[in-house]
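Whatever order the structure lists them in is the order used to number ligands and atoms, beginning at 1. Nothing here was measured: the structure is a model prediction, and the numbers come from that model.
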Amino acid sequence: MCGIVGYIGESEKKSFLLAGLKELEYRGYDSAGIAVMQNGDIQSFKATGKLANLVLKTQNFESKEFGIGIGHTRWATHGKPTETNAHPHWGKYSFVVHNGIIENYRELKEELQADGLVFLSQTDTEVIVHLFERFVTQGLEVREAFVQTIARLQGAYAILLITKKAPDMIFFSKNAVPLIVAQNTQGEKFLASADSPLIGYAHEVIYLEDGQYGWIQNNTLDLFERGKKIVPTYKALAQDKLSAQKEGYRYFMEKEIYEQTRVVSDTMMGRVRDNSIEFEELQSFDFSNIHAIKICACGTSYHAALVSSYLFERFAKTTVQVEIASEFRYKEPLLDPKTLFIVISQSGETADTLEALKMAKNAGLKTLAICNVDNSSIVRLADATILTRAGIEKGVASTKAFATQIITLWMLTLFIAGMKKTITQGKLEDELQALVKIPLCLHVNDFLHEKIRRLSKRYLHGHGFFFIGRDIFYPLALEGALKLKEISYLHAEGYPAGEMKHGPIALADSELFTIALMPQTILYEKTKSNVEELSARDATILAISPVEFALADDFIKTSQQTHPMSEFFEMMIITQLLALEISVRLGNDVDMPRNLAKSVTVE
Ligand code: F6R
């Protein structure tokens with residue numbers, strides 16, 4: 001979600017670091033910072049907001065002799081986007097930048113505080129530098145101190161650390177977050193969390209594997225895995241910047257579909273515990289006296305809200321009303337202060353959602369935002385916020401933001417259910433186990449993608465699509481239809497499967513394409529009857545199900561699951577890929593479809 005860069009060599013360090021961060025700015029722009037060590041001294045600069053602010057702050061700084069530099073552009077996960085929380089974080093003589101989340105940072109922080117260490121920031125990252133320096137103080141050689149430090153960390157991280165105790169070394173470690181070591185023919189070495197900052201500087205790269213770590217001293221790289229030294233194998237670096245940002249995918253939307261398994265893990269990190277859900281951000285939020293929930297959102301975020309309404313009523317036994325924000329604003333709504341008002345927004349800037357939030361606040365309701373962008377207008381206004389940690393979403397058609405919204409809302413449902421004791425401990429633990437398996441369901445396998453790509457050529461015409469489903473698969477049908485219309489420009493509607501017979505079935509003929517979401521774990525027989533009714537009227541059926549369906553014209557088999565949410569996420573991926581592949585075949589601009597904008601700040 002953040003971006004990191006590092007350099008060791010004789011060239012101007014500031015210019016590589018700033019140019020590299022510019023390439024990574026799309027990954028986060030709450031704040032940025034660099035630290036440069038030369039002649040045994042370290043200078044550090046940080047600035048909040050866009051990178052331009054850091055460029056301004058460093059304009060009189062030069063770093064031309066041999067030295068080492070690290071840099072970071074931040075997407076806040078722990079702590080507000082302030083200068084203090086910006087990276088690099090420092091101890092007495094060492095500096096660190098980190099991308100990812102240190103899951104056990106709270107216990108490490110308490111341990112270090114008990115030793116008298118004072119923390120400056122609210123971040124999880126700062127524990128790394130203090131841990132390292134404590135090991136050095138205990139007498140460990142710097143390499144060993146670094147190895148011991150990373151052995152204490154749990155979670156996802158790409159880390160770069162520099163220390164005055166070793167002025168010709170840069171230490172690195174990677175787990176579950178990308179990190180690349182690169183070099184050029186002049187013997188300079190670079191590090192970055194993606195390819196794009198390296199293009200034009202380096203020729204060869206090593207894409208580090210999880211669990212690998214090491215250090216670069218002058219221009220010598222020492223690389224280790226599980227305590228064993230390994231021989232570094234470089235490969236050539238492709239030199240196309242835009243495609244580097246897309247990390248090998250054809251479109252940002254495609255990359256974001258594939259990223260879902262990772263961002264959903266990020267969203268759960270530190271929140272899903274062995275036998276409970278914890279939201280650090282809700283510690284001082286008072287849920288007593290809340291009798292109902294109202295959720296307001298637009299578009300995809302509205303669909304996420306609809307999914308959650310089933311979950312809230314099922315687990316938390318709380319009445320939930322979901323409203324489209326642009327409708328809510330003008331309907332003179334009755335607002336009861338005993339209602340919790342939730343807004344959901346990827347961007348945090350959607351004008352209708354923001355206005356709805358203002359109305360709820362003015363009426364004295366407690367407000368909670370579920371949002372992907374810290375410090376956005378919605379986050380600043382709401383009483384509390386849960387960040388969805390999807391990272392920047394570049395494709396206009398939302399995919400990974402939706403997945404993280406659903407995960408967040410599912411966790412929130414269980415959190416409230418636990419608090420209200422409307423769920424047994426056994427059932428709660430079953431749900432937690434189902435939650436942690438979701439990243440696996442989101443893994444896109446090549447065979448599935450290829451099958452959808454091949455099928456897509458059959459769905460480029462016709463007079464429309466109906467996506468149908470029941471229960472939580474009804475909002476998924478709405479979302480599937482929205483994805484398709486946004487990027488294919490074909491007419492598509494989402495409908496509750498059981499509602500087709502009340503009118504829309506009149507449209508059925510062989511040119512009406514029905515995308516039938518037929519999960520096994522929820523109302524399979526009921527949905528099947530509805531699909532049979534359409535099939536009897538000669539509608540063309542693409543069935544998505546773990547159960548073979550004889551009447552389907554096309555069939556995508558999903559895996560046998562025991563939990564509806566696992567089926568939900570598997571089917572979500574299929575609808576996203578189907579929309580993508582149809583759009584590609586139609587020659588449309590997948591990432592920037594006509595007439596749309598990523599952030600809708602007008603009414
Ligand atoms: C669809 C899409 C839009 C947004 C909607 C709300 O792919 O992206 O429907 O979901 O404009 O935007 P946010 O979530 O930023 O409030």
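- Numbered from 1 in the order shown, with element, the atoms of ligand 1 that lie under 4.0 Å from a heavy atom of Ser398 read 7 (O), 8 (O).
- Between Tyr249 and Tyr258, the distance from one ring center to the other falls under 6.0 angstrom.
- Neither the backbone nor the side chain of Glu349 has a heavy atom within less than 4.0 Å of ligand 1.
- Checked against the 6.0 Å centroid threshold, Tyr474 and Phe467 do not count as a close aromatic pair.
- Contact analysis puts Val396 in contact with ligand 1, with a non-hydrogen atom separation below 4.0 angstrom.
- Backbone and side-chain nitrogen or oxygen atoms of Gln346 are examined, and one is located within less than 3.5 angstrom of a nitrogen or oxygen of ligand 1.
- Separation of the Phe513 and His491 ring centroids does not fall under the 6.0 Å cut-off.
- Taking every heavy atom of Lys483 and a limit of under 4.0 angstrom, the matching atoms of ligand 1 come to 1 (C), 7 (O).
- In this structure, Arg594 is positioned above the aromatic face of Tyr489, its NZ or CZ under 6.0 Å from the six-membered ring centre and within 45° of the axis.
- Taking every non-hydrogen atom of Ser301 and a distance limit under 4.0 Å, the qualifying atoms of ligand 1 come out as 10 (O), 13 (P), 14 (O).
- Of all the atoms in ligand 1, the ones that sit under 4.0 Å from a non-hydrogen atom of Glu486 are 1 (C), 2 (C), 7 (O).
- Among the candidates Glu103, Glu280, Glu278, Glu281, the single residue satisfying the salt bridge (charged side-chain N to carboxylate O under 4.0 Å, His left out) test with Arg271 is Glu281.
- Between Thr353 and ligand 1, a contact under 3.5 Å exists for no N or O pair.
- Near Ala397, with a cut-off below 4.0 Å to any heavy atom, the atoms of ligand 1 are 7 (O).
- Atoms of ligand 1 found under 4.0 Å from any heavy atom of Ser345 (numbered from 1 in listed order, with element): 13 (P), 14 (O), 15 (O), 16 (O).
- Here the side chains of Glu355 and Phe328 are not in contact, with every heavy-atom distance at 4.5 Å or above.
- A cation-pi contact, defined as under 6.0 Å to the ring centre and within 45° of the axis, is absent between Lys361 and Phe341.
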